[in-house]
2 protein chains.
Amino acid sequence: MAYLKKEMSNSTQNTQADVFGGLRMTKQRKVVYDVLLDETRDHPTASQVFVRAQGKMPTISLATVYNCLESLTHSGAIKQVNVDREASRYCPNLQPHAHFFCSDCEEVFDIDLKSRATATTPWQLPEGSEVEQLEVTMRGKCPTCTDSTREDSGSEN
Amino acid sequence: MAYLKKEMSNSTQNTQADVFGGLRMTKQRKVVYDVLLDETRDHPTASQVFVRAQGKMPTISLATVYNCLESLTHSGAIKQVNVDREASRYCPNLQPHAHFFCSDCEEVFDIDLKSRATATTPWQLPEGSEVEQLEVTMRGKCPTCTDSTREDSGSEN
DNA sequence: TTTAGATCAAGAACTATTCTAAAAAAGGAT
DNA sequence: ATCCTTTTTTAGAATAGTTCTTGATCTAAA
């Protein structure tokens, strides 16, 4: 809940209005946001968010989930993650990070920057260009799947 | 045409069969590939490739363009580039590189690696993970658009 | 309480892409 | 060359994810 703030308007007392970056935090938006925070943190798609959100609020609609995901993304509360042409996924991790998709177990992992590194470090950017947004996605095998491929046994934890 | 080779089978003489990585180079595939090589190198979408291909071969169909782009991608002759949820774009540059999308002029630029750098350099990959594929896309303003924004004048070339 | 604007819900519409089925083309063997 | 098999092409239908539309509901402020 770290990214939610009470609105501190001085002339009115607020009712429902938790806001994030000027965005009114409605019941539905909160449910959607909570799904991303609460559950397995597995970068769910809109439909997956929808199903989980229905658990908390049975009347919520898919269109609303899309709306909420969009407004949360625009306000900067969450990030939209695209891999190839697959359905977009959503992620509440606001730190700069990359995404690793394991082609075996199909899970998504957040990859952090090395300390003191920036994502643009290895790239020869033309002078004068201004990078506003950067997305890095990797495909491959996660350590667990690399292990189990090696002999099909090796489950040490 | 650097990536096309004549098939060197020793028992048969070949007719149409230029191949790339085992892929038969049919008329249509060649047209599609040539569109990517010949023209403005602007990372066109499938529909744009289709229009340009029709210029060279009026009977070609959109489905075939999709087929060709897919087989060329799988054979490794070209790369598919995805940015957000927009239509896929295609690119014949096989060197490791990132893509920069200018939000002003909407053009796409290839960004090369700094010498001796690799794309994974800044990332803290868990030990044992195997990266098979890496995609880096940036959004922002290209040098030209940064310039012209600064004063709306500055056209020095 | 009224009002104006924001948000929600349900379903239709849209778009890029993939699938299907039949026709055409290509390659190999006779 | 001719037959046979496999690959490729074509055109249109189908699909999936997402966006749009419309009317209803909610909210904050007056």
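Here the structure is a predicted model, which means the values were calculated and not measured. The sequence lines fix the lettering, A, B, ..., with proteins before strands; numbering per chain opens at 1.
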Nearest to the side chain of [X], heavy atoms from C-beta on, is which of [options]?
| X | options | result |
| --- | --- | --- |
| A:Cys68 | C:dC8, D:dT10, C:dT17 | C:dC8 |
| B:Ala46 | C:dA9, D:dT9, C:dT17 | C:dT17 |
| B:Asn67 | D:dT9, C:dA26, C:dT7 | D:dT9 |
| A:Ser88 | C:dA9, D:dT18, D:dA28 | D:dT18 |

Tell me the interatomic distance from [X], atom [atom1], to [N], atom [atom2], rounded to whole angstroms.
| X | N | atom1 | atom2 | result |
| --- | --- | --- | --- | --- |
| A:Gln48 | D:dA16 | CD | P | 15 Å |
| B:Asp84 | C:dA16 | CG | P | 14 Å |
| B:Tyr66 | D:dA14 | OH | P | 18 Å |
| A:Leu23 | D:dT27 | CG | C1' | 14 Å |
| A:Gln28 | C:dA6 | CD | C1' | 12 Å |
| A:Arg85 | C:dA16 | CZ | C1' | 6 Å |
| B:Phe50 | C:dA16 | CZ | C1' | 14 Å |
| A:Leu62 | C:dA12 | CG | C1' | 14 Å |

Taking only side-chain nitrogens and oxygens of [X], does any of them come within less than 4.0 Å of OP1 or OP2 of [N]?
| X | N | answer |
| --- | --- | --- |
| B:Thr26 | D:dT9 | yes |
| A:Arg24 | D:dT27 | no |
| A:Thr64 | C:dA9 | yes |

ask   = With sugar-phosphate meaning primed atoms plus P, OP1 and OP2, does A:Ala63 contact a base, only sugar-phosphate, or nothing at under 4.0 Å between heavy atoms?
value =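 A:Ala63: base contact, heavy atoms under 4.0 Å.
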task = Looking at every strand, decide which applies to A:Ser71 at a 4.0 Å heavy-atom threshold: base, sugar-phosphate, or nothing.
result =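 It contacts nothing in the nucleic acid.
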request  = Enter the distance from B:Cys68:SG to B:Tyr90:OH here, rounded to the nearest 0.5 Å.
outcome  =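 If I round to the nearest 0.5 Å, the distance is 11.0 Å.
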query = Atom CG in A:Asn67, atom OG in A:Ser61: separation rounded to 0.5 Å?
reply =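 Reported to 0.5 Å precision, the distance equals 7.5 Å.
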key: Pairwise 5' ranking along DNA chain D for B:Ser61 and A:Thr45, keeping only the more 5' one   =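 Mapping each residue to its closest nucleotide by heavy atoms, the 5'-most match is B:Ser61.
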ask   = Using 4.0 Å as the upper bound for N to carboxylate O, is an ion pair formed by A:Arg52 and A:Asp38?
value =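 A salt bridge is absent here (no side-chain N lies under 4.0 Å from a carboxylate O).
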Criterion side chain to side chain donor-acceptor pair (under 3.5 Å) against A:Ser88, the qualifying member of A:Thr73, A:Asn82, A:Thr45 =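 Of all the options given, the one that passes is A:Asn82.
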query = Would one find more than 12 heavy atoms of other residues, nucleotides or ligands at under 6.0 Å from atom CD of B:Glu106?
reply =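 Not buried by this count: 12 neighbours or fewer within 6.0 Å.
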